[in-house]
Amino acid sequence: MSTPKIGIEAIDIVKHMGHNNAIKGVSISFTPAMLHGLIGPEGSGKTTMLRIIMGLLQPTSGRVEYKDAGKPVSFENIRPLMAYMPQLQSLYADLSVSEHLDFFRDLYQISKDVYVKRRAELLHITRMEAFQDRPAGQLSGGMYKKLGLMCALLRSPDLVLLDEPTTGVDPISRREFWELLYRLRDEGILIVITTAYMDEAERCDQVHVMERGNLLASGEPKEVLAKEKVESFEKLFLKYDYLDVQK
């Protein structure tokens, strides 16, 4: 395992989107070399938070602080170390797996020696060696997601941001995708993933449960459930919906 490097602090984040308060004063600590899950249904604010972390959106108020090996650094220093996988990926249906990797090699200006080694590693851990010549448009949903992740990982990032990467993926591919994320985490990479699947919350090292722009709870999954006195994350959301109704 590599030495943990990148950490992030989101402090009192508020984000107005027109007349909608997408995020309402949320603070979250993303500690290095851990798999963090932003958990919540559609409209909870998790994707907005992810985009603020990666600099695609600016908060209305509040700030994001980045640290490299415990020392504060600017976003400009972090950006080259960051990989982002959007929910709707822009892969080219007529390009093969191999051609996609070659394209992103040129885009990231990766040297030949580094690329050959990294390519082989990624094809192996994603179990995609046998599909290098298959066009992206002919891949299954799970394989398509893996290709998108490989393209994002080519430049060996220290921070990986994934926006609902398992949406629409079959159960077996979802399991394989999570196994891949665990391997990346064990290499010292900070991973932040958004998901609306409640069962995936328990697979994270740290969860940050969001609803309607609010942060309901943060911590290790088992500790969060114990503190909230519920048996599952589904029941946690039902609990807060009930409390809202009573107000």
Side-chain angles (χ1 to χ4, degrees), residues 2 5-6 8 30 32-33 35-36 38 47-58 64 66 68 73-169 173 176-178 180-181 183-194:
S2 303
K5 293 183 61 179
I6 305 302
I8 301 171
F30 298 95
L35 202 164
H36 291 259
L38 290 169
T47 295
T48 300
M49 176 63 77
L50 193 72
R51 291 174 178 172
I52 288 173
I53 291 170
M54 66 172 300
L56 287 179
L57 293 175
Q58 292 299 313
V64 179
Y66 306 90
D68 188 348
V73 293
S74 68
F75 176 73
E76 285 69 27
N77 293 120
I78 291 294
R79 182 161 47 188
L81 309 176
M82 179 186 299
Y84 171 56
M85 181 175 163
Q87 184 177 354
L88 299 175
Q89 296 169 269
S90 298
L91 301 179
Y92 300 96
D94 57 336
L95 291 186
S96 68
V97 170
S98 181
E99 289 169 333
H100 272 93
L101 295 176
D102 289 346
F103 172 79
F104 280 90
R105 171 203 61 197
D106 296 339
L107 182 65
Y108 295 146
Q109 298 182 329
I110 300 171
S111 68
K112 181 179 179 180
D113 291 343
V114 172
Y115 172 67
V116 169
K117 180 180 179 181
R118 187 62 173 166
R119 173 195 173 102
E121 290 174 346
L122 290 172
L123 287 169
H124 176 68
I125 65 176
T126 57
R127 304 176 186 176
M128 293 279 282
E129 297 105 322
F131 305 100
Q132 297 180 54
D133 295 327
R134 182 171 297 184
Q138 297 178 20
L139 297 175
S140 67
M143 293 168 66
Y144 190 89
K145 297 280 187 174
K146 286 181 181 179
L147 174 57
L149 184 59
M150 280 196 293
C151 293
L153 294 175
L154 261 182
R155 57 178 177 178
S156 302
D158 293 312
L159 168 62
V160 177
L161 305 171
L162 308 171
D163 193 7
E164 301 200 20
T166 58
T167 298
V169 175
S173 295
E176 292 179 345
F177 199 92
W178 276 91
L180 175 56
L181 295 184
R183 292 188 61 166
L184 297 175
R185 176 206 59 193
D186 291 343
E187 292 177 5
I189 296 173
L190 168 59
I191 301 171
V192 182
I193 179 173
T194 71

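Only heavy atoms go into these numbers, but all of them, side chains included; no hydrogens, no water, no symmetry mates. The structure displayed is predicted, hence computed values, not measured ones.
Contact annotation: the side chain of V73 never approaches that of I6 to less than 4.5 Å [non-hydrogen atoms, C-beta and beyond]. Within the 4.5 Å cutoff, the side chain of L149 has heavy atoms near those of the L162 side chain. Considering only heavy atoms from C-beta on, F131 stays 4.5 Å or farther from L147 through its side chain. Inter-residue side-chain proximity for H124 and E121 is flagged as unmet; no heavy-atom pair is nearer than 4.5 Å.
Partners of T48 under the side chain to side chain donor-acceptor pair (under 3.5 Å) rule, at least two apart in sequence or in another chain, do not exist in this structure. Scanning for ring-ring contact (aromatic ring centres under 6.0 Å, His included) contacts around F30 gives H36, H208, with sequence neighbours left out. Every residue two or more places apart in sequence or in another chain that forms a side chain to side chain donor-acceptor pair (under 3.5 Å) with R127 is listed here: E176. Among residues two or more places apart in sequence or in another chain, the side-chain contact (heavy atoms from CB on, under 4.5 Å) test is passed with S96 by S98, E99.
The minimum heavy-atom distance between P135 and A93, with the atom names listed, is CB-O, 3.4 Å. Nearest heavy atoms, I191 versus L184: CD1-CB, 3.8 Å. Closest approach of V97 and M150 over heavy atoms only: CG1-CE, 4.0 Å. Taking both residues in full, the closest heavy atoms of I189 and L159 are given as CG2-N, 4.2 Å, listed atom of the first, atom of the second, then distance. The shortest non-hydrogen separation linking A152 to A83 is O-CB, 3.2 Å. Of all the heavy atoms in M85 and P165, the pair that sits closest is CE-CB, 4.1 Å.
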Checking W178 against L35 for the side chain to side chain contact (heavy atoms under 4.5 Å, CB included) test, could you report, in this order, the C-alpha distance in whole Å, the side-chain angles of both residues, the deciding distance, and whether it holds? CA-CA 10 Å; W178 276 91; L35 202 164; 3.7 Å; yes
Check the pair F75, V64 against side chain to side chain contact (heavy atoms under 4.5 Å, CB included), reporting the backbone distance first and the verdict last. CA-CA 9 Å; F75 176 73; V64 179; over 6 Å; no
Under the criterion side chain to side chain contact (heavy atoms under 4.5 Å, CB included), I'd like the reasoning laid out for D68 against D158: C-alpha separation, chi angles, the key distance, then a yes or no. CA-CA 10 Å; D68 188 348; D158 293 312; over 6 Å; no
Side chain to side chain contact (heavy atoms under 4.5 Å, CB included) between I78 and I8: does it pass, once the steps are laid out? CA-CA 10 Å; I78 291 294; I8 301 171; over 6 Å; no
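Remark: side-chain polar atoms of Q132 are paired, donor with acceptor, to backbone N or O of E129 under 3.5 angstrom. Put simply, the side chain of Y66 gets close to the backbone of I53: a donor and an acceptor are under 3.5 Å apart. Side-chain atoms of R155 never come within 3.5 Å of backbone atoms of L81 as a donor-acceptor pair (strictly under, hydrogens ignored).
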Please tabulate, for side-chain N and O atoms in residues 105-117, each donor-acceptor pair with protein atoms closer than 3.5 Å (sequence neighbours left out).
| residue | atom | partner | partner atom | Å |
| --- | --- | --- | --- | --- |
| Y115 | OH | D102 | N | 3.3 |
| Y115 | OH | D102 | OD1 | 2.5 |
| Y115 | OH | R119 | NH1 | 2.7 |

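With a 6.0 Å radius and a threshold of 12 heavy atoms from other residues, nucleotides or ligands, R51 has its CZ atom at or below the threshold. In this structure, Y92 places its OH atom where only 12 or fewer heavy-atom neighbours from other residues, nucleotides or ligands lie under 6.0 Å away.
Rounding to the nearest 0.5 Å places CG of L190 at 12.0 Å from NZ of K5. The distance from the CD1 atom of I125 to the CD atom of E187 is 6.5 Å, given to the nearest 0.5 Å. Atom NZ in K146 sits 7.5 Å away from atom CG in L180 (nearest 0.5 Å). In this structure, NE2 on H100 lies 4.5 Å from CG on L91, to the nearest 0.5 angstrom. D163 contributes atom CG, which lies 3.5 Å from atom OG1 of T194 (distance to the nearest 0.5 angstrom). Here the SG-CG distance, from C151 to L122, works out to 9.0 Å after rounding to the nearest 0.5 Å.
Pairs engaging residues 133-145 under the side chain to side chain donor-acceptor pair (under 3.5 Å) rule: none recorded [sequence neighbours left out].
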